[in-house]
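Down below is the structure, laid out as structure tokens.
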Amino acid sequence: MQATSGNIRAKNTKSITASTHSGGIKIENIVEKCDISATSGNVKIERCNLKENSSISAKSGGVNIKSINNIYINASANSGIIKIPETDRKSEVELKVRTTSGNIKIENRE
């Protein structure tokens, strides 16, 4: 899914690749893998149960995940606050989360 100007919304998805230049991305449930990028806009995910290495990036905007399974979270923000739960470095699955100017907030473990 791609959008130059506008938001991207998805409900339940097994695997998703999504990018937007100017707009946000909101997903209710991911059950396998994601590759998501937003140039100017926030990324919001309600539930994330990843089984493969995945990535989320936002250049000018934040990343917020309400609930995630027990995986390794590799988070980096150039200008922003990072709030993530304890992460499992021994997990075979890694989620890379990057922001240039925005916060990263991951709330609950499943």
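What's counted below: heavy atoms across the whole structure, side chains too, no hydrogens, waters or symmetry copies.
- Here the closest non-hydrogen pair linking Ala77 and Gly102 is CB-O, 3.8 Å.
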Exercise for the section: With side-chain contact (heavy atoms from CB on, under 4.5 Å) as the test, would you mind laying out the steps for Leu50 and Asn69 before giving the verdict? Expected result: CA-CA 7 Å; Leu50 300 174; Asn69 58 321; 4.2 Å; yes

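- Placement of Val43 and Ile84 within a single hydrophobic cluster is found when ILVMFWY residues are connected by side-chain heavy-atom separations under 4.5 Å, directly or transitively.
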Exercise for the section: I would like to know whether Val63 and Asn42 meet side-chain contact (heavy atoms from CB on, under 4.5 Å); could you show each step before the answer? Expected result: CA-CA 6 Å; Val63 174; Asn42 295 318; over 6 Å; no

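- Between Thr100 and Asn78, the shortest heavy-atom contact is O-CB, 3.2 Å.
- Surrounding NZ of Lys51 are more than 12 heavy atoms belonging to other residues, nucleotides or ligands, all under 6.0 Å away.
- Considering NZ of Lys44 and NZ of Lys105, their distance stands at 10.5 Å, rounded to 0.5 Å.
- Listed for the Lys14 side chain is no donor-acceptor partner under 3.5 Å among the backbone atoms of Ile30.
- Listed for the Thr20 side chain is no donor-acceptor partner under 3.5 Å among the backbone atoms of Ile8.
- Distance check, rounded to the nearest 0.5 Å: OG of Ser55 to CD1 of Ile36 gives 8.0 Å.
- The backbone N or O of Ile81 sits less than 3.5 Å from a side-chain atom of Asn103, completing a donor-acceptor pair.
- Without hydrogens or angle criteria, Thr87 side chain to Ile71 main chain gives a donor-acceptor distance under 3.5 Å.
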Practice task
In sequence, state the C-alpha distance, the side-chain angles, and the governing distance for Glu32 and Glu52, and then conclude on side-chain contact (heavy atoms from CB on, under 4.5 Å).
Solution key: CA-CA 6 Å; Glu32 196 164 301; Glu52 295 181 34; 3.0 Å; yes

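- When all heavy atoms of Gly61 and Thr99 are compared, the closest pair comes out as O-CG2, 3.7 Å.
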Exercise for the section: Kindly indicate, with the supporting measurements, whether the criterion side-chain hydrogen bond (donor to acceptor under 3.5 Å, both in side chains) is fulfilled by Asn53 and Glu94. Expected result: CA-CA 5 Å; Asn53 291 340; Glu94 177 182 13; 5.3 Å; no

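- No single ILVMFWY cluster, assembled from side-chain heavy atoms under 4.5 Å apart, contains both Val31 and Ile106.
- Hydrophobic clustering, with ILVMFWY side chains joined whenever heavy atoms are under 4.5 angstrom apart, groups Val93 together with Ile104.
- Side-chain contact between Ile56 and Cys34: present, with at least one pair of heavy atoms (C-beta onward) separated by less than 4.5 Å.
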Practice task
Please step through side-chain hydrogen bond (donor to acceptor under 3.5 Å, both in side chains) for the pair Ser67 and Asn108, ending with a clear verdict.
Solution key: CA-CA 5 Å; Ser67 179; Asn108 297 316; 5.7 Å; no

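- Checked by atom type, the side-chain pair Arg98/Asn74 shows a donor-acceptor distance below 3.5 Å.
- If you take CD1 on Ile45 and CD1 on Ile16, they are separated by 8.5 Å, rounding to the nearest 0.5 Å.
- For the pair Lys66 and Glu46, the salt-bridge criterion is not met [side-chain N within less than 4.0 Å of a carboxylate O].
- Residue Leu95 is not grouped with residue Tyr72 when hydrophobic side chains (ILVMFWY) are merged at heavy-atom distances under 4.5 angstrom, including chains of intermediate members.
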